[in-house]
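Questions regarding the structure given below will be posed in turn.
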Amino acid sequence: MKIINVILTLILITLAFSGCIGTEDQSSPYDSSTISINSSPVKYAHVNDIEIGYREFGSGEPLLIIMPFASTMDMCNVTFIEHLAGSYRVILFDNRGMGYSSENNGSFSIALFANDTADLMDALGLDSAHIFGSSMGSVIAQELALEHPEKVDWLILSSTTYSLDVPQTEILKNRLQYRASDPDTDPVLRKYAEGNLEWSGTYERLPEIQNKVLLLAGNKDVLTPSELSMEITEQVPDAHLVQFEDVGHLGEQYLPEEYADTIVYFLGFE
């Protein structure tokens with residue numbers, strides 16, 4: 001039944017967007033169309049003994065965006081953010097130790113990043129928000145929904161997985177292991193890699209997620225293959241999957257308008 005619902009959802013979206021989901025060159029996600037969005041001033045919040053740098057765009061219901069591994073808010077696709085900000089109050093922030101955010105020299109973990117996110121929301125006076133996370137950000141978002149479900153409205157997961165200890169994530173895990181063991185790796189990124197590798201996964205806890213969930217997956221993602229999103233969709237009670245053709249990892253960088261339009265479409269159904 002879940003598969004039938006996914007097919008119907010895809011048909012509805014295709015009609016709504018007149019076939020805008022398509023193919024795009026994926027040679028680099030950070031070309032001239034994904035320039036820095038540093039024209040907006042950086043604000044700071046004191047959270048968990050660190051300073052978190054964040055930016056805000058647009059107005060309306062809050063939509064909090066959690067960054068992927070080794071990424072900062074300066075790297076976000078400006079088109080993706082602008083499209084979302086046309087309907088929502090979009091809040092970007094740098095995870096601890098990245099970009100404009102500080103760290104306290106302690107070890108990192110996915111649980112710690114989730115707590116940082118929850119406490120940042122408290123600092124901003126947000127009782128709840130829509131949460132978007134991509135790649136590592138989607139893993140943090142899952143833990144946020146499991147540990148602080150009251151803070152999450154729609155949970156939006158792009159390029160996600162429920163574990164690093166499954167055959168589908170072998171390439172991703174190998175890359176993280178290399179980062180963790182390479183002496184030339186930046187010390188902060190090494191701690192990020194170590195924290196990711198220590199994550200125990202969410203598969204057995206997925207049925208506990210009672211929030212509405214939207215999963216976005218590219219059918220050519222080799223780091224977090226779309227079949228992982230399919231499995232999550234089967235485990236979460238209220239989950240919807242949209243798969244994009246000829247798209248790899250971090251698809252919102254390559255099809256920013258299509259990803260943003262899909263998010264706005266689903267969030268319109270409260």
ask   = Parallel, tilted or perpendicular: which fits the ring planes of Y100 and Y44, with parallel below 30° and perpendicular above 60°?
value = perpendicular
ask   = If you look at every heavy atom in A123 and V47, which pair is closest and at what distance?
value = CB-CG2, 4.3 Å
Spacing of CG belonging to L176 relative to CE belonging to M136, to within rounding of 0.5 Å = 10.0 Å
request  = Tell me, with the steps shown, if I156 and L267 meet side-chain contact (heavy atoms from CB on, under 4.5 Å).
outcome  = CA-CA 10 Å; I156 309 156; L267 266 55; 3.8 Å; yes
query = Can any side-chain N or O of D238 pair as donor or acceptor with the backbone N or O of K212 at less than 3.5 Å?
reply = no
Spacing of CD1 belonging to I110 relative to CD belonging to Q142, to within rounding of 0.5 Å = 10.0 Å
ask   = Would a 4.5 Å heavy-atom cut-off, applied to side chains only, mark T202 and S163 as touching?
value = no
ask   = Any side-chain heavy-atom pair from I65 and V90 closer than 4.5 angstrom?
value = yes
task = Locate the shortest heavy-atom distance separating T161 from I232; write the atom from each residue and the value.
result = C-CD1, 4.1 Å
ask   = Under 30°, 30 to 60°, or over 60°: which ring-plane class applies to F80 and F132, parallel, tilted or perpendicular?
value = tilted
ask   = Would the number of heavy atoms belonging to other residues, nucleotides or ligands and lying under 6.0 Å from CD of E51 be above 12?
value = yes
Whether over 12 other heavy atoms sit under 6.0 Å from E204 CD = no
inquiry  = Run the side chain to side chain donor-acceptor pair (under 3.5 Å) test on H240 and T233 for me, step by step, so that the C-alpha distance in whole Å, both residues' side-chain angles and the decisive distance to 0.1 Å come before the verdict.
reply    = CA-CA 6 Å; H240 310 269; T233 304; over 6 Å; no
message = One thing to verify: whether E194 and R179 come together as a salt bridge, which I'm taking to mean a side-chain N less than 4.0 angstrom from a carboxylate O.
response = no
query = Is the CG atom of D127 crowded by more than 12 outside heavy atoms at less than 6.0 Å?
reply = no
task = Fit a plane to each ring of H130 and Y88, take the angle between them on a 0 to 90° scale, and name the class: parallel (under 30°), tilted (30 to 60°) or perpendicular (over 60°).
result = perpendicular
key: Ring geometry between Y162 and Y203 (parallel below 30°, tilted from 30 to 60°, perpendicular above 60°)   = tilted
request  = Indicate whether the side chain of E245 and that of N219 have a donor and an acceptor atom separated by less than 3.5 Å.
outcome  = yes
inquiry  = Do Y178 and L164 sit in one hydrophobic cluster, given that two such residues count as connected whenever their side-chain heavy atoms are within less than 4.5 Å of each other, even indirectly?
reply    = no
request  = Output the distance between atom CD1 (I50) and atom CG (D94), rounded to the nearest 0.5 Å.
outcome  = 10.5 Å
request  = Side-chain contact test, heavy atoms from C-beta onward, threshold under 4.5 Å: evaluate it for Y259 versus V247 and give yes or no.
outcome  = yes
query = Do you know the tightest heavy-atom contact between S138 and T160?
reply = OG-OG1, 2.7 Å
message = Give me the atom names and distance for the closest heavy-atom approach of P62 to I91.
response = CB-CD1, 4.4 Å
request  = Decide side-chain contact (heavy atoms from CB on, under 4.5 Å) for T169 and L228; before the verdict, give the C-alpha distance in whole Å, the side-chain angles of both, and the deciding distance to 0.1 Å.
outcome  = CA-CA 9 Å; T169 57; L228 295 168; 3.7 Å; yes
key: Donor + acceptor pair across side chains of E252, S134 (<3.5 Å)   = yes
ask   = Which pair of heavy atoms, one from T224 and one from D221, lies closest together, and at what distance?
value = OG1-OD2, 2.7 Å
query = Side-chain contact, heavy-atom cut-off 4.5 Å: F93 with T117?
reply = yes
request  = Taking all non-hydrogen atoms of both residues into account, name the closest pair between G218 and S226 and its distance.
outcome  = O-CB, 3.8 Å
task = Would you confirm whether Q210, through its side chain, and P207, through its main-chain N or O, come within 3.5 Å as a donor-acceptor pair?
result = yes
request  = Would you mind reporting whether M98 and Y192 have side-chain heavy atoms less than 4.5 Å apart?
outcome  = yes
query = Got a salt bridge between E143 and R205, using NZ or NE/NH1/NH2 to carboxylate O under 4.0 Å?
reply = yes
key: Rounded distance [0.5 Å steps], NE2 in H148 versus CG in D119   = 7.0 Å
task = Among I66, L112, D116, V188, find the one that has a side-chain contact (heavy atoms from CB on, under 4.5 Å) with N95.
result = I66
query = Side-chain contact, heavy-atom cut-off 4.5 Å: F57 with S40?
reply = yes
message = Using 0.5 Å steps for rounding, measure from the CG atom of L172 to the CZ atom of F69.
response = 9.0 Å
inquiry  = Taking the basic N atoms (NZ, or NE/NH1/NH2) and the acidic carboxylate oxygens, is any pair closer than 4.0 Å for D74 and R55?
reply    = yes
query = Once you round to the nearest 0.5 Å, how far does SG of C76 lie from CG of L92?
reply = 5.0 Å
ask   = So, is the end of the K43 side chain (NZ or CZ) under 6.0 Å from the ring centre of Y54 and within 45° of the ring's axis?
value = no
task = List the steps and the verdict of side-chain contact (heavy atoms from CB on, under 4.5 Å) for V222 and H249.
result = CA-CA 7 Å; V222 299; H249 200 64; over 6 Å; no
key: Student check: side-chain heavy atoms of E61 and D153 closer than 4.5 Å   = no
task = Check whether any side-chain heavy atom of P187 sits under 4.5 Å from a side-chain heavy atom of R190, and report yes or no.
result = yes
ask   = Do S71 side-chain atoms and M67 backbone N/O form a donor-acceptor pair below 3.5 Å?
value = no
inquiry  = One thing to verify: whether D246 and K220 come together as a salt bridge, which I'm taking to mean a side-chain N less than 4.0 angstrom from a carboxylate O.
reply    = yes
Under 3.5 Å donor-acceptor, T262 side chain and E258 backbone = yes
inquiry  = Between L146 and E208, is the side-chain contact (heavy atoms from CB on, under 4.5 Å) condition met? List the steps.
reply    = CA-CA 7 Å; L146 286 163; E208 300 174 19; 4.0 Å; yes
